[in-house]
Amino acid sequence: MANYDARLSRRALLAAGLGAAVAACGGSRRRPTAIATPPPTTKAPTTSPSPTAPPRDPATVKANELGVIPVLMHHRLIDKVDSEFDMTPAWFRAELERLLAEGYYPVTTLQVARRDLGHVPAGRSPVVLTFDDSSRGQLHYAKGSIAADSAVGIMLDFAREHPEFPAVASFYLNKDPFALGDPHRAVGDLAKAGMEVGNHTYDHIPLRLPAAQVQAQLGELAAMVGTAVPGLQPRTLALPLGVTPSLPKLARAGRWRQTSYRNEAVLLVGAEPAHSPWHKSWDPGAVPRIRSSSYGGGRGEFLSTWWLDQIKAGTVTRYVAAGNPGHVAFPKKYADRLAPAYRHIAVAY
Ligand SMILES: [Zn+2]
């Protein structure tokens, strides 16, 4: 499967038809087109008994830190779904159950971008849960507390029941997060819950804009976050509608009034798992995501159920942590996938 990455990319993009798959945030009504064939049953990787256990032989956990990382993209959490951008709260809870059962461990986009994955227990696979648009279903309140059926509430409850799957996700905000009329509370509670706060532009505008407007959109959102929680800054960006910025450098870093901003990773919309940040094809300026939805039973091609089935079946090789921070471990046969800059920390077995 040496060339699976290239084939995967081309196939995903071609089959998804780019236009339909890449429009997001309520734009596309592309219907599920195919139901994935059920994969053969495969064994999930062994779960580490303890994240503090000493590093072990990477072969014993089949470590592969050059494998793919699914970055799941969520939009609205809502009881009545009417597009591929919607998911019921029950479906989200079931998604967490599946991810835990299949050996995943939640990390943030920023942790992937910074290669800060040493805390992922040996044998487990990082997954990133992302939420765009800061809509109400992601964070709302009941009797003054975070509502149990909001995305944040569901993750906090799930983590209480399953401490081995912490409440960790990356939220991409626009102005007036979660329609609370209170950015201080919204951003503060996200940060308190341990979530990453990311940039999705102030007005939810695709960044095909002149330089001043790109910087205004990213800087104003960053300023809102920094005002709500002093010292906090968004460090990753989800592109509105997945539209490629006309000035990619300004999507990564710039300045608006008194606010400098810097985005260490830029998230796309479609339609495949992301490379490991140690993989030679990792590109922090264009990190693909997988849409997660309960629309149509969540069975559309290239949706999260489809990709998680592919990963489970072994069609795509997933990242499996070695539990050995400061190193990157992988089977020797994948050595040509390592970015040359990390040869000095490689543990090939
Ligand atoms: Zn959006």
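Ligands are counted one by one from 1 in listed order, and the atoms in each one are counted from 1 as well. Just the heavy atoms: all of them, side chains too, but no hydrogens, waters or symmetry mates, feed the values below.
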Inset, instruction - Using 2.8 Å as a strict upper limit, say whether an N, O or S atom of D133 approaches the Zn ion (ligand 1) that closely. - result: yes

Legend entry - 2.8 Å cut-off met by an N, O or S atom of H75 to the Zn ion (ligand 1): no

Legend entry - Expected output: side-chain E196 to main-chain L110 donor-acceptor under 3.5 Å: yes

Inset, instruction - Please determine which of Q138, H204, H74 meets the side-chain hydrogen bond (donor to acceptor under 3.5 Å, both in side chains) test together with D133. - result: H204

Legend entry - Degrees at the Zn ion (ligand 1) between the NE2 atom of H200 and the NE2 atom of H204, nearest 10°: 100°

Legend entry - Check: I205 main-chain N/O paired with D203 side-chain donor or acceptor under 3.5 Å: no

Inset, instruction - Calculate, to the nearest 0.5 Å, the distance between atoms CD and NE2 belonging to E84 and H75 respectively. - result: 11.5 Å

